[in-house]
Amino acid sequence: MKGLYYQLGTPQDEEKFVFQEKEPVSSPSDYHVRLQVKTCALSPVNTKLISKLYPEKEFAAVGREVAGVILEVGPKVSFFQPDDEAIGILPLDCEESGLCEAVWVHEHHLVHKPEKVSWVEAAGTIRDGLCVYTALHTLAHLTPGKSVLVLDGASPFGTLAVQLSHHRGATVFCTARSEEDRQYLEKLRPTVGIRQPVVACVIDLSKGNVDLAEKCLEETGGLGVDIVIDAGVILYNTEDPVIKPQLLPHKHDIITLLSAGGHWVTREEQLQLDPPDSHNLFLKGASLSFLNEEVWNLSNAQQGKYLHILKDVMDKLASGIFRPQLDEPVPLYEAKVFMAMVQRNEMRKQQVVQL
């Protein structure tokens, strides 16, 4: 079936997304369902991880967050029936692209979509919602009364992190990369309960004269922040003009603003800590975790917990606790162009293709 694929092994400046016909290598098992795809979200392809785990692969399927209607079910499927509405994330080694009319999916990669949730919202929220739950609950063990710093709070991931932290009773601080982001974050209000601002303090890094660590310590009375979720960090001092516009904090700033017993959740896969950095973390009794959302699909040891998280993300979306940052739906014929921009990290909102 025709779908969109990323051609692996091409130079960085020659990234290729191609539509092509591709049949699944393996036949579906008794536990697979055939899903008619209604919407598919566009997320960057983790080429490094795919190449490392599956070095023989030439093409990686594009579009893994899919929402649609069940057409067929295998003889041993127990969770779904034909005509059920479902949402899920295709596994990392999936041979079929989500940007096609129908895909075969194992039932343990799907959950039911609530009726009041739209197709676009479901596909556009499922991955970031999973990441947010993994960061705040699985890794950082968020509890009411904690303080949380979300870096780049106006991003699709950051927005959900801010909303979930506030819902769980945390005091939320976040950074903004522009005046527009700052205004958006300051206007965030919960849809249920007291209509107070969701964010306690927005730190605008675009002004260039803000000391992140100093500001966070000031806002917490010198105690520091309990949980920090970054969006990348600067590993060493540099004058590279390519890095500066990203408005990323230095790793020393994050370690400085952490509280005693604090927790730093990083998305920086190349993070390097020098002995003085480790010593400072040791003195604070602080901990560091790496956020890799693919870990759920790389092992089936916690499949039940994984499905529970996906279901809870949909419940939060249905109740209005999650209000994602979504762009206008993308038609299928423009998916190739938009996917190239998503891969280059040029889009600020989540892109969803409507089939």
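Here the structure is a predicted model, which means the values were calculated and not measured.
- Across all non-hydrogen atoms, the minimal contact from Val66 to Leu35 is CG2-CD2, 3.8 Å.
- Judged by distance alone, the side chains of Ser29 and His106 never bring a donor and an acceptor atom under 3.5 Å apart.
- A distance-only check finds a donor-acceptor pair linking the side chain of Arg189 to the backbone of Glu186 [under 3.5 Å].
- A heavy-atom distance below 4.5 Å is not found between the side chains of Gln351 and Met341.
- If you take CE on Met314 and CD on Glu121, they are separated by 9.0 Å, rounding to the nearest 0.5 Å.
- You'll find the side chain of Glu58 stays beyond 4.5 Å of the side chain of Tyr5, heavy atoms only.
- Here the side chain of Thr125 pairs no donor or acceptor atom with the backbone of Pro324 at under 3.5 angstrom.
- Taken from NZ in Lys146 to OG in Ser259, the straight-line distance is 8.0 Å, to the nearest 0.5 Å.
- In this structure a side-chain-to-backbone donor-acceptor pair under 3.5 Å is missing from Thr39 to Val353.
- With rounding to the nearest 0.5 angstrom, the CG atom of Leu90 is 11.5 Å from the CD atom of Glu95.
- The 12-atom threshold is exceeded at CD of Gln183, counting heavy atoms of other residues, nucleotides or ligands nearer than 6.0 Å.
- Distance check: Leu317 CG to Arg323 CZ gives 11.0 Å after rounding to the nearest 0.5 Å.
- Side chains of Leu164 and Lys316 form a contact here, defined as non-hydrogen atoms less than 4.5 Å apart.
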Query - Val117/Phe322 under side chain to side chain contact (heavy atoms under 4.5 Å, CB included): CA gap, chis, key distance, verdict - result: CA-CA 11 Å; Val117 173; Phe322 279 160; over 6 Å; no
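- Although no hydrogens or angles enter the test, the distance criterion places no donor-acceptor pair under 3.5 Å between the side chain of Lys38 and the main chain of Ala67.
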Requested in this report: Dump the intermediate steps for side chain to side chain contact (heavy atoms under 4.5 Å, CB included) on Glu101 and Leu355, then the final yes or no.
Outcome: CA-CA 7 Å; Glu101 294 179 0; Leu355 283 78; 5.7 Å; no
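- Taking the six-membered ring for Trp and thresholds of 30 and 60 degrees, Phe79 and His108 have ring planes inclined between 30 and 60 degrees apart.
- Taking CG from Leu4 and CG from Leu332, the interatomic distance works out to 8.5 Å, rounded to the nearest 0.5 Å.
- Using a 4.5 Å heavy-atom threshold, the side chains of Arg64 and Leu92 count as touching.
- Atom CD of Glu346 has more than 12 heavy atoms from other residues, nucleotides or ligands within 6.0 Å.
- Gly124 approaches Val352 most closely through the heavy-atom pair CA-CG2, 3.7 Å.
- Put simply, the side chain of Lys284 gets close to the backbone of Thr256: a donor and an acceptor are under 3.5 Å apart.
- Around CG of Asp83, the count of heavy atoms belonging to other residues, nucleotides or ligands within 6.0 Å does not exceed 12.
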Report task. Output, in order, the C-alpha distance, side-chain angles, deciding distance and verdict of side chain to side chain contact (heavy atoms under 4.5 Å, CB included) for Leu151 and Ile254. Result -> CA-CA 10 Å; Leu151 298 173; Ile254 294 181; 4.0 Å; yes
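- Using a 4.5 Å heavy-atom cutoff, the side chains of Glu293 and Thr134 are not in contact.
- Phe157 has its side chain out of reach of Arg127: every pair of non-hydrogen atoms, C-beta onward, lies at least 4.5 Å apart.
- Smallest separation of non-hydrogen atoms from Ala231 and Leu248: O-CD2, 3.8 Å.
- Remark: Tyr31 OH is loosely packed, at most 12 non-hydrogen atoms of other residues, nucleotides or ligands lying under 6.0 Å away.
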Query - Test side chain to side chain contact (heavy atoms under 4.5 Å, CB included) applied to Trp264 and Leu271, step by step - result: CA-CA 12 Å; Trp264 174 14; Leu271 180 67; 4.0 Å; yes
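- Between the Asp230 side chain and the Val233 main chain, no donor and acceptor come within less than 3.5 Å of each other.
- Listed for the Gln325 side chain is a donor-acceptor partner under 3.5 Å among the backbone atoms of Ala154.
- A donor-acceptor pair shorter than 3.5 Å cannot be found between the side chains of Asp226 and His263.
- Paired with Cys216 under the rule side-chain contact (heavy atoms from CB on, under 4.5 Å), one option of Val225, Val228, Asp253, Leu258 passes, and it is Val225.
- In this structure, the side chains of Asp181 and Val202 stay at 4.5 Å or more apart for every pair of heavy atoms.
- Residues Pro156 and Arg348 come closest through the heavy atom pair CD-O, 3.1 Å.
- What you find for Thr171 and Ala200 is that their closest heavy atoms are CG2-CB, 3.8 Å.
- When side chains are defined from C-beta on, Gln163 counts as touching Leu188, because their heavy atoms get closer than 4.5 Å.
- The minimum heavy-atom distance linking Leu185 with Cys174 is given by the pair CD1-SG, 3.5 Å.
- By the criterion of side-chain heavy atoms lying less than 4.5 angstrom apart, applied directly or through intervening Ile, Leu, Val, Met, Phe, Trp or Tyr residues, Tyr306 is grouped together with Val313 in one hydrophobic cluster.
- Here the straight-line distance linking atom CG of Leu130 with atom OG1 of Thr138 works out to 8.5 Å at 0.5 Å rounding.
- Counting only distance, with no hydrogens or angles, the side chain of Glu96 and the backbone of Trp104 share a donor-acceptor pair below 3.5 Å.
- Remark: side-chain polar atoms of Lys251 are paired, donor with acceptor, to backbone N or O of Gln272 under 3.5 angstrom.
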